[in-house]
Each structure stands twice: as structure tokens, then as C-alpha cells.
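Report on one structure; see the data block that follows.
Worth knowing before you read on, the calculation uses all heavy atoms, side chains too, and leaves out hydrogens, waters and symmetry mates. For ligands, and for the atoms within them, numbers begin at 1 and follow the listed sequence.
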Amino acid sequence: MKILLLGAGGFIGSHLVEHLLERGEHEIVGVDITAEKLEGISGSAFTFHELDIHEVPDDLVRESDVVVDLIAYANPSIYVEAPLSVYQLNFEANMRIVHHCVNHGKRLIQYSTSEVYGKAGNNTALYREDESDLVMGPVSKQRWIYAAAKQLLERVIHAYSLQGDLEFTIIRPFNFIGPRIDYLVPAGTMGGPRVFAHFMSALLEGGPMHLVDGGHVHRTFLSIYDANEAFQTVLDRPEARNEIYNFGNPSNDTTIRELSTLMTDIYTRLAGDPPRSEVVEVSGETFYGAGYEDMDRVPPDISKLVALGWEPQHDLAKTLELTIGYYLEQAREAATSA
Ligand code: UDP
């Protein structure tokens, strides 16, 4: 098959390219505004186009068998700072791709988000793809525009499929983690990348590790390598047509405070020295700005995907060890070449 991978240069996309090239079964056409995370990843079955999503020509869709769409802003500080841009990219621009798929009869594998469940998990139930309610916060808390845009995109894709005009699979990622997850920002920066990158900067530089609102909220992290295998499962299995899947690992549930401790312990073991970083508590408003709200828990039920034969293999400690090891190596290389 020829797979068109939109967002091939991102964290998830670059790992998918690597995974698919290793499997060697398909031709991959990647599109992204940047190829930095694809450095060192190549193969005769891979071609890359440096393009903005608005510039993706209709022909690229027409010439492919499957379209995988990963393009989105997926970082809470952007939801708060630039909510309109989040809607424009995550809904409007992605709708162009949906329309191309409808027009050319192409299967669409759309990456959505665990955030579509919103605050549903503030009780203890696990999120189920086809049963759980999707619960958003008020409009005045603009962080929910991300979840709302993704939810509407899912609903439009589903509606096209009900009409018989589109074959789809929707993937809801739950906090994927692994090498290349984010660029590191100077320790102590507010907003910016996801929590792993902030804690990693604090460990490497000895700066503050910010615990937003005490770090009491829970997240469940999924190794990017387990996420690749989950993708392979929905790509291959005919039962995954016109279905929605949680990609997560409920066994990797942790509070953010526990994450800071676990990362510190692993870093100390790998680096050979304890870090000089210290935990500093900060409010969500100070860290992200007004309009931020958080989810207490994001607990996936994964039985639907497990029924197709997939099972996560990497626990949180192993996943963090691999990822922290990667960033430590990067830091060592940078120090040597400086
Ligand atoms: N967070 C934190 N310190 C940081 C960055 C984030 O305590 O330096 C918190 C954030 O408020 C949220 C959790 O960590 O509760 C996960 O945030 P992230 O941006 O990684 O992803 P989310 O799951 O919220 O999309």
C-alpha cells in the first residue's frame, strides 16, 4: 500500500515512519512543515514533502491507499494562548483532508485525542470509546477548544461514514511518551512543551521542576513503541474499519507528583549523580495563563483494542528510562561538540 502520513515530522509521525520502514511492507509518503525529527530516518520506500497542511495537493491523497492524519497543535499552552489557531488547524485545516478522502474514496486514519472525554474521568470509570460521555468545561475556559475541535472533527468523520462516503479509523492517544517527544526549553520556562520535557530540562540544568496545582492529577502514559504496534493493529485488521480506539496503558497511571519523583530517581541512576533540580508548586493560571483547566484523571479502557490482539509491553519505568536515556545522550553529545 501507499500510505500518506500527514505530520510525519512530528513525535508520533517520525516514530511511525521508522516503524513502518522497519516492517518494510508499505510505501510511505510523508508530509510536514519540518523534517528535523526525521534526521537519520530514511529508506527507499520513504519520500518526504516539506509542506504546510493547507498546501497538501489533492493528488497526494488521490495517489495513496490510506491517509494517516496527525497534524494538530497538541500542547495545552497553545490552547490557552491561541485558541482560534487551534480551531483553524485542528478542525478547519483537517476538514480539507477529510474532504479529499471523501472525494477520492480513501481510508482515513485520524489521530484525535484522549481529551475528547474531557472531564468525564473525574469519577473513577474507565473511558470507553463507544459509551463514555464527552464532558467539556465552560467556553470561558478556552483550553477546551482543543477537545471541542477534535470532538467535532470525529463527529463529522463519523457522519460521513454513516452516509457510506468515508472509511475511517479514529485513534485517541493517551499521553504517548518516548524519545523526541518535545524540544527541551530552558528549565523554569512556563507553558511550552509537555510535562516530560519540562521535568527533563529541570533535571539536566538543575532548575525548578514545576508542579502545576500540586501535581495531584493523574495521567496514564503509553510508550511510543506500544503506540506504533497499536497503529499496526488498526492498519492491518479489517475489524478496525469505521471504529474508534483508545491508545493508552491504564497500568501506567501516575500522578504528576509521582512522575517527578520517578523521573528524578531514574535520572540519578542513569546520570550517576542526583540532579540539582527542586520541586516548586505553581498554579495552573500562573503556568499556562487564564483560561486553563485540567482533568483529574484520563483513564483509558483498552479492551476494544486488546480484543484485536494488541497488548502494551512497556511499563512506565522502562518507558521513562528509555526516554530519559535518549535526552541524556543528546545532552552529552551537545556538550562534546560545544
Ligand atoms: N504539568 C506540570 N508541570 C509542568 C508541565 C505540566 O505539573 O512543567 C502538568 C499539567 O498541568 C498537567 C500534566 O502535567 O496536569 C500533564 O500536562 P501535559 O502538558 O504533559 O499534557 P496534558 O495531558 O495535560 O495534555
Side-chain angles (χ1 to χ4, degrees), residues 10-12 72-81 83 86 90 111-122 127 136-137 141-150 172-178 180-205 207-222 224 227 246-250 252-264 275 277-300 316 319-320 323 327:
F11 162 50
I12 301 173
Y73 290 126
N75 175 325
S77 54
I78 301 173
Y79 320 156
V80 173
E81 280 164 24
V86 171
N90 295 11
Y111 276 75
S112 179
T113 173
S114 57
E115 279 206 23
V116 293
Y117 294 105
K119 300 175 179 180
N122 290 357
Y127 293 149
M136 304 288 112
K141 300 288 184 190
Q142 70 268 24
R143 90 96 83 195
W144 297 106
I145 198 163
Y146 171 68
K150 286 282 197 180
R172 294 179 177 161
F174 286 66
N175 291 81
F176 292 180
I177 203 163
R180 305 196 289 272
I181 181 169
D182 274 316
Y183 294 106
L184 300 186
V185 289
T189 303
M190 302 275 175
R194 284 159 285 200
V195 64
F196 174 90
H198 279 289
F199 287 178
M200 194 67 230
S201 299
L203 293 168
L204 287 170
E205 290 177 37
M209 247 181 172
H210 284 124
L211 280 188
V212 173
D213 295 327
H216 71 277
V217 303
H218 290 245
R219 291 292 188 271
T220 54
F221 290 95
L222 179 72
I224 192 69
N246 291 336
F247 278 19
N249 185 348
N252 285 348
D253 184 288
T254 175
T255 66
I256 300 301
R257 184 177 283 275
E258 287 161 356
L259 179 74
S260 70
T261 310
L262 190 55
M263 283 184 66
T264 305
S277 56
E278 51 162 359
V279 163
V280 176
E281 291 195 20
V282 61
S283 75
E285 285 229 332
T286 306
F287 194 81
Y288 290 108
Y292 180 69
E293 254 191 1
D294 209 350
M295 292 128 328
D296 285 352
R297 311 178 69 84
V298 195
L316 184 59
T319 304
L320 288 173
T323 315
Y327 281 97

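- Ring geometry for Y127 against Y117 counts as parallel: the plane angle stays under 30°, on a 0 to 90° scale with 60° as the upper cut.
- Atoms of ligand 1 lying under 4.0 Å from any heavy atom of N175, numbered from 1 in the order shown and given with element: 21 (O), 23 (O).
- Under a 3.5 Å cut-off, the side chain of H218 and the backbone N or O of D296 do not form any donor-acceptor pair.
- Looking only at heavy atoms of the protein, atom 20 (O) of ligand 1 is closest to V195 N, 2.8 Å.
- Judged by distance alone, with hydrogens and angles left aside, the side-chain atoms of N75 form no donor-acceptor pair with the main-chain N or O of R194 at under 3.5 Å.
- Proximity of R194 to ligand 1, defined as any heavy-atom pair under 4.0 Å, is shared by backbone and side chain alike.
- In summary, the side chains of Y292 and D294 do present a donor paired with an acceptor at a separation below 3.5 Å, with no hydrogens or angles considered.
- Remark: the backbone N or O of K150 is not paired with any side-chain donor or acceptor of N90 at under 3.5 angstrom.
- Considering each of V282, V217, V212, the one bringing a non-hydrogen atom nearest atom 2 (C) of ligand 1 is V212.
- Residue I256 has at least one heavy-atom neighbour below 4.0 Å for each of these atoms of ligand 1: 7 (O), 13 (C), 14 (O).
- The option from A74, G192, G215, P76 that lies nearest to atom 19 (O) of ligand 1, judged by heavy atoms, is P76.
- Between E258 and R219 there is no salt bridge, since none of the side-chain N atoms of the basic residue sits less than 4.0 Å from a carboxylate O of the acidic one.
- None of L211, L262, T264, V279 except one satisfies the side chain to side chain contact (heavy atoms under 4.5 Å, CB included) rule with F199; the exception is L211.
- Annotation: P193 places no N or O atom under 3.5 Å from an N or O atom of ligand 1; distance criterion only.
- Using 4.0 Å as the threshold, Y288 has a heavy atom nearer than that to some atom of ligand 1.
- The shortest N/O to N/O separation between L211 and ligand 1 does not fall below 3.5 Å.
- Contacts of E115 with ligand 1, taken as heavy-atom pairs under 4.0 Å, involve the side chain alone.
- At the shortest separation from atom 24 (O) of ligand 1 among protein heavy atoms lies R219 NH2, 2.9 Å.
- Taking only nitrogen or oxygen atoms, main chain and side chain alike, D294 reaches within less than 3.5 Å of ligand 1.
- For the side chain to side chain contact (heavy atoms under 4.5 Å, CB included) criterion with M209, the lone passing option out of V195, T261, I256, L203 is L203.
- In terms of heavy-atom proximity, T189 sits nearest to F287 at O-CE1, 3.8 Å.
- Contact annotation: for F287 versus ligand 1, heavy atoms closer than 4.0 Å belong to the side chain alone.
- Atoms of ligand 1 found under 4.0 Å from any heavy atom of H210, numbered from 1 in the order shown, are 2 (C), 3 (N), 4 (C), 7 (O), 8 (O).
- Ring planes of Y327 and F196: tilted class, angle from 30 to 60°.
- In summary, the atoms of ligand 1 found under 4.0 Å from a heavy atom of Y292, numbered by their order in the structure, are 10 (C), 11 (O), 12 (C), 15 (O).
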